[in-house]
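In what follows, a single structure is set out as structure tokens and then discussed.
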Amino acid sequence: MAISFQLPSPRALMPWTLALLATAAFAQTPADAEAPKTALPTKLQYSSAIGDYRAYTDQPVQSWQQANDRVGQIGGWRAYAKEIKTGVPASAQDAAPANDSQTSHHGGGKP
């Protein structure tokens, strides 16, 4: 069974088209009702994104045992996280002694 569909004639669509265009024209805001313009800054300032860049410098080589001992003295990874958060370098004098965080997970100490 074939169903045929015919589009309405252009004369029948003309009133609907005009009504649609009229409502679109009324929906637009007038030009003088725009938001008030903000004043421009009186003084322009420029700051470079890489102005505080520090080039990489090599650190002196030390033994891995000394490096691990130093990390243990200043409090481990928590001291480095605090250093990043506060911007103050970690030192061995003001660090709390590092405890074994694994023992608290299991409710006991080392045998």
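Computed from heavy atoms alone, side chains included, the values below leave out hydrogens, waters and symmetry copies. Numbers for residues simply follow the sequence, beginning at 1.
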Subject >> Verdict with supporting geometry, Y80 and I74, side-chain contact (heavy atoms from CB on, under 4.5 Å) >> reply: CA-CA 9 Å; Y80 291 117; I74 64 173; 3.7 Å; yes
Identify every side-chain donor-acceptor pair in residues 9-19 under 3.5 Å, counting partners at least two apart or on other chains, and give the distances.
residue: S9; atom: OG; partner: A12; partner atom: N; Å: 3.4
residue: T17; atom: OG1; partner: L13; partner atom: O; Å: 2.9

Taking only distance into account, with no hydrogens and no angle test, what donor-acceptor pairs under 3.5 Å do side-chain atoms of residues 58-65 form with protein atoms, sequence neighbours excluded?
residue: S63; atom: OG; partner: Q65; partner atom: N; Å: 3.4
residue: S63; atom: OG; partner: Q66; partner atom: N; Å: 3.1

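- For N68, the CG atom is densely surrounded, since the number of other residues' heavy atoms within 6.0 Å is greater than 12.
- Atom NZ of K82 sits about 9.5 Å away from atom NZ of K85, to the nearest 0.5 Å.
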